[in-house]
Structures are given as structure tokens and as C-alpha cells.
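Note that these values count all heavy atoms, side chains included, but never hydrogens, waters or copies made by symmetry. Letters A, B, ... mirror the listed sequences (proteins, then strands); counts begin at 1.
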Protein chains: 2
Amino acid sequence: MSDGAPGRRRRPPTQIDLARRAGVSQATVSQVINETPDRPARLSPETRARVLDAVRELGYRVNPAARSLKGARNRLLGLFTFEAVFPTDQRDFYFPFLLGVEEEVAEQGYDLVLFSSAGASGPRRIYVDGVNRLKLTDGAVLLGRHVRRTELSELVKEDFPFVFIGRREVPGARVSYVAPDYVSATRDLVRRLVELGHRRILFVKAYQGAEPTRDRERGYRRGLKDSGLGVEAAIVHRLPSSGVVTAPDLGAWVRDGVTAIVADPSEDDSVAASIEAAAAETGLSVPDDLSVALLGDPSRTETTRDWTRFDLPRPELGRQAVRLLIQLLEADEGEARQVLLDCTQIPGGTVAEPGRGRRR
Amino acid sequence: MSDGAPGRRRRPPTQIDLARRAGVSQATVSQVINETPDRPARLSPETRARVLDAVRELGYRVNPAARSLKGARNRLLGLFTFEAVFPTDQRDFYFPFLLGVEEEVAEQGYDLVLFSSAGASGPRRIYVDGVNRLKLTDGAVLLGRHVRRTELSELVKEDFPFVFIGRREVPGARVSYVAPDYVSATRDLVRRLVELGHRRILFVKAYQGAEPTRDRERGYRRGLKDSGLGVEAAIVHRLPSSGVVTAPDLGAWVRDGVTAIVADPSEDDSVAASIEAAAAETGLSVPDDLSVALLGDPSRTETTRDWTRFDLPRPELGRQAVRLLIQLLEADEGEARQVLLDCTQIPGGTVAEPGRGRRR
DNA sequence: CTGAAAGCGCTTACAG
DNA sequence: CTGAAAGCGCTTACAG
């Protein structure tokens, strides 16, 4: 590496170096450096010139660490996910969120810190040795299925500004979130089924469901009620922990008069695939013998069917989460806030009027 | 929002606050905070416990600005791209790099700062108001086609640790990079063409090419030489600034006896598409009348052909860049280093032995 | 118009 | 085992 200007050290020049060279005080150097049109320094032109010469000669750069030490915010937002985002099987699911977050963060003039080291070994956690790692940033967007509620409570307790993507609740605290409006989306789907003529509509859900599942179940009941069937018409089947629908399941339901299924997505989105397999095994045709709708988009499923479903506005959820976070930051002493975003109904090809199979 | 612990202020707690609370000195707090398994603090368990309690109670975070002012590392690596990464047409190109970078960063126990605000308005730049924005991090991985050489020089001049993905040079300074081995990949491709019987192989390159183009051209000549044709056999065509191959171009080349083309990727990867279109227009069949190989993977092309080409190990380039960067960080007094990675030859379907078209 | 001084939050020898 | 002190590079009142 050529060392053009002699005397240049590995250590980058500081304002003190400039001051020495220009024969002024360090404070004066700072004046010159920080001069802006709207906040001009009161300096003689000669002094300014001497300093600027020194800047040029020594190749001076302000040290941002030192500068921000004097300030407060550092225009850094964090993104923390409770699950690893980058393994192949997760990418399709998480990338759209990441995309929206990243775009909005950039547009707002912030930079994004991806907290991925969290998962280097062991489970991903926000608090390591009792230290909130996110605090490096002004605030953070959180994401993930397997939330650690205790960490969320901690975050609320210490007033760290954050927004969750997805509705999350913790006891005794209000969490800010931006979430898909699952209640409305499910309600609309169920109403459509009823309009098509379905009367026995089964809600199939995974073994244990968090807030999103509860919201979808609420939407299901609301759909039944709104379309005049009444909540008594609700039939809910909770899958075993395997989260898989079997051929006997399907047979029993159909014999029981069920003509349509709305399926809550399981952990790994395997419900759709298992229904598809079970139908094939039973010789049942979807949608001729049985209509099936998915309560969400099966981003992780290996399936060839064009499922009737609704899609989450993933990138938009990411963007809105960032916007909300920045609002919180600017409000400074903010109440938690919640935002719901509409899902997009996808007609698909797995829903039809009931009884079509019998007429064949 | 509940205000659990009374007396909590908006101002984030500092080590002084912790010290006060724990009844120790601020220096002792720092000891506890900075303790690691390999560099344990010499402290009584009680002191440590009191400090950690205070940390938890006050929700303490170390201020990264202050920490890095002292020259200590903050386990933050940066990723800066000279072009926006997230617009749709760029995603396929940049995501694989990002993926590799992110994965390796996480594995090494660092967090990643995406410097995307850089492009909020106007061109993306490292230095804003004379401040190196990357300085927040311990070091950075850089990426992009339209490099600002002056910024690169600046970075070198101030000894900021960085690794470029792709070979980049700046006058009078050595840049660390991890790059595809374009010379070898192109040489091998050309050798294969010669082995198939091609004697007049045209190198088509974009109007202006940077280091990668020069490397590929070098590989081209080396391939000719290595396979006995000699560098005199080189025929190079530089495209106009449009970067498009026209039907007349193609006709003229074929009449001139050219049987194979190796095409350097243009800015937007449009070369492949334009060759495809020109061939269709001329009625020439690829590969029967003309063999065409791409010097890289046309990630941004709308094309249906299975091009003969080589693929860049993009995620691996990202990973290796991070590794190299960390090496640089650990070496501390590092010479710039360079790493070349092999590309993968993709046989594809656009290359065949010459003259097949005439035999039809 | 310019400089001396305090202080931002932290780490690190160095004493004790 | 713990603390007093210096200093990282800078900004910002405050004197003069």
C-alpha cells in the first residue's frame, strides 16, 4: 500500500491533528466541520481556509461514533425473528416480510440491523445475560411463530419500542402489532361457503393454536352467525399433535354430512397436503365431493392444488410495522398501538357448490 | 403504558446509573459487562450479581457508540451495496449474496447492519457529509456494479476494514475482495468450444466493461492460447452502448465464418435475450447454426433458453467475503487479501459442434 | 472571532 | 478484589 502523504499513521487523523496543523484550537476545527448554511460558524475566512486545507491534506473524516455519542438516536432499527429466517424451508415464508421491512426502513432513512447472531447456538433470544441486545437500535420489529412471552413482557416493561408482525398478547401489557385481519378474512370465506349452499362447514385446527388460530376461529363463528346459520352450526375438529388429516377422518366427516372444510394452517402448513393425500386415498374429489378452503397461504406446502384461500399482505405487513414503529419512536411516550391489514381472497379451485359430486 | 419501576427516565441508563444502584464504581460495572469466558473479570460473585441485577432492573444496554469510541469491537458487520438490492428486478441477482453474507455473519456470532438508507434519495454513498457511515460497524462487505472508486480509495486510506464481493481495483491501493474466478471459467468454456471443433469464436462484450469484463476477456484469450489456436484467433466485438445484439450483427458474423459466440453479460443481462431475438429474426438456429455461451448466469434475463454458461457461486461468495473480513479484523494489521472462487460450468443447450445446421 | 473546558458513555491500564 | 483516573473524538455552551 503506497503511503502517499508522509507522516500519515494507521490512526486516522482527528480534529486535534487538524488543529495542530492549522494552528487553531480543536474547538475551532469542530466549528468549521459542523458549519451548515443555516447554522454558519462565526469564523474568519482565513481560519476556515486553513482548517479546510488541513482537512484535505490529512484526509480527515468525522468519527461517527464520537459524534453520535453526543447525540441520542442513531437511526438504526432492528429486526428480530424468533425463528431462523434463512434456512431454505423458511425463506418463502419470511422473505416477503423482510422485503417490506427493509424497503420501508430504507425509505425512512434508517438502517436495519438484522439480529441473526441470536441463533448462532441454541434458541434465539433477545436477552442474553440479562442484556437486551436490541437496545443497540432505536426500536425493533419482531417476528416469529414461537414467541418467548417472557421476553416480550421484559421488552414492554423496560419501555423498549417494538412492533410485532402478527397479533401477540402478553399478560398485563399492551403490545404494539401490525397483523393480518384474520377475523374478517375467515368470516368472509365462511360467508362465501354458505352462499354457495354449504350448511355443514367444519373448522379444522392444529393441536395448539396461538392468537392467529383463535382469531380465525372467531372469524369462522362470526361468518356462520352473519350468514344466518348461527354459531350453533359450528363444528370444530382439533387435530392430534401430528397436525395431519387422515383418510378415515375425511370419510367420517363426509358421512357426517360435512360438505366443506376450512383448515387452519398448522405449524408446517402440512394440513393442506395431508387433506390432499387423504382425499386421494379415499377417492373423494375436491371440490366435487368436498370443498376445502385454507385459512391463509400455504407458503411452505408442497402442493399442486390451487387452493381456495386468502393471502396475507406480507410485504405490506413489514412496511406498516416499520411505519408504526417510527410513529412510536416519534410519539416518544407512546401508548401501544395495533393495526390490522386486509387479506386478499383467492378464489382458487377447491371450493364449489355442495353435492356436485353426486350429480356426476 | 405501565410505568413499573418508578424513577425510570427517558434517558437510557448508563454504567454510572448501574454503579450507583449496585453500590460499586463505574469501572467495576464495565468489568462485569465486558466479562467473557476467556477474559474473566476478577470480581467477587456478590459484586457481579449486584451489577447484573442492576443491569436487569434498569434495562441497561451498552452504548455502541461509546464502546466503539474506545476502539473496542461491537460485533457488528455492515453490508453496503452500491445499488438498491430490493427492487424486484434486482432481487434475483442480489439475494443469493445477501443470503450467504447473512448466514455466515450469523454463524460467526455477529449481527448485520444493512446500509440501505444510503439510497433513500439520490445515489447510494458511503460518505455522507464527509462521514463514513460504515464506521458504526467493525467492518463491512461491499457489493455492486457501479462502484464509486473515490469512496473505495477513501475507505482504504482511512484503513477501514472491508471486503468487496467481486474484483475491484483502485489506483494506488490494494483492495480485499472475494471474486468469481472469471479467467478460469471463461478459459474452460472456450477450451470446450475448441474441443467441439469451433475455430472462429467471437467474444462479444458490452460497451464499457469493468474488472470482471477484463478478466473474462483475459480468460477468453487464454482459452484460445491453451487450446492451441493462439491469441491471434481472438475476435472481439464491442457492442454499442445499447448493449444489444441485432439481427444484422448476427448475419454478418455468421457470414464471416463465426461458429460460436461467448457473450459477456451486459449491464442488465440483455445480451442473451437480444441474441435470442436476433437469431429468431435471422432464422438462425442456436445451437445448430451458431453456438452461444454466456459468461455468467443471466439472472436478470427474460429468456426461455437453457443457456450454456457458468454460474457464480453467489451464496458462497457472500460467505467467504464475511470470513475474509473477520480474518482481516482479527489480523488487525492486515494486508489486503484476495480470494478467487470457482464457477460452475453449466452445459446447457446452446452449444454444439459447428456446422450441424448445414447437415440438416 | 477564537479558545478553554466540560462532558457524551465507555474501556483500560494502573493503584491500592 | 475494587476504584480513581485518563482518554477515545467529538459538540456545545461559555468566556473572553
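- Between Y94(B) and F97(B), the ring planes lie tilted relative to each other; the angle falls in the 30° to 60° range.
- Within the 4.5 Å cutoff, no side-chain heavy atoms of L143(B) are placed close to those of F80(B).
- In this structure, Q31(B) atom CD and dA13(C) atom P are separated by 10 Å, rounded to whole Å.
- Listed pair T28(B) / dC1(D) fails the phosphate criterion, with no side-chain N or O lying under 4.0 Å from OP1 or OP2.
- Of the side-chain N and O atoms in S44(B), none sit less than 4.0 angstrom from OP1 or OP2 of dC1(D).
- At whole-Å resolution of the value, CD in Q26(B) and P in dG7(D) are 16 Å apart.
- Taking only side-chain atoms of L43(A), from C-beta outward, the nucleotide of dT2(C), dC10(D), dA13(C) with the closest atom is dT2(C).
- For dT11(D), one of the phosphate oxygens OP1 or OP2 lies less than 4.0 angstrom from a side-chain nitrogen or oxygen of S30(A).
- Taking side-chain N and O atoms only, S25(B) has a distance below 4.0 Å to OP1 or OP2 of dG3(D).
- Regarding R48(B), its CZ atom lies at a distance of 17 Å from the C1' atom of dG3(D), rounded to whole Å.
- Using a 4.0 Å cut-off between a side-chain N of Lys or Arg and a carboxylate O of Asp or Glu, R319(A) and E103(A) qualify as a salt bridge.
- The phosphate of dT11(C) has OP1 or OP2 within less than 4.0 Å of a side-chain N or O from Q15(B).
- Distance from the side chain of A27(B) is smallest for dT12(C) among the nucleotides dC10(D), dT12(C), dG9(C).
- Between the CD atom of E46(B) and the C1' atom of dC1(D) there is a distance of 10 Å, given to the nearest Å.
- T47(A) has a side-chain polar atom (N or O) that falls below the 4.0 Å cut-off from OP1 or OP2 of dT2(C).
- In summary, D53(A) and R56(A) engage in a salt bridge, as defined by a charged side-chain N under 4.0 Å from a carboxylate O.
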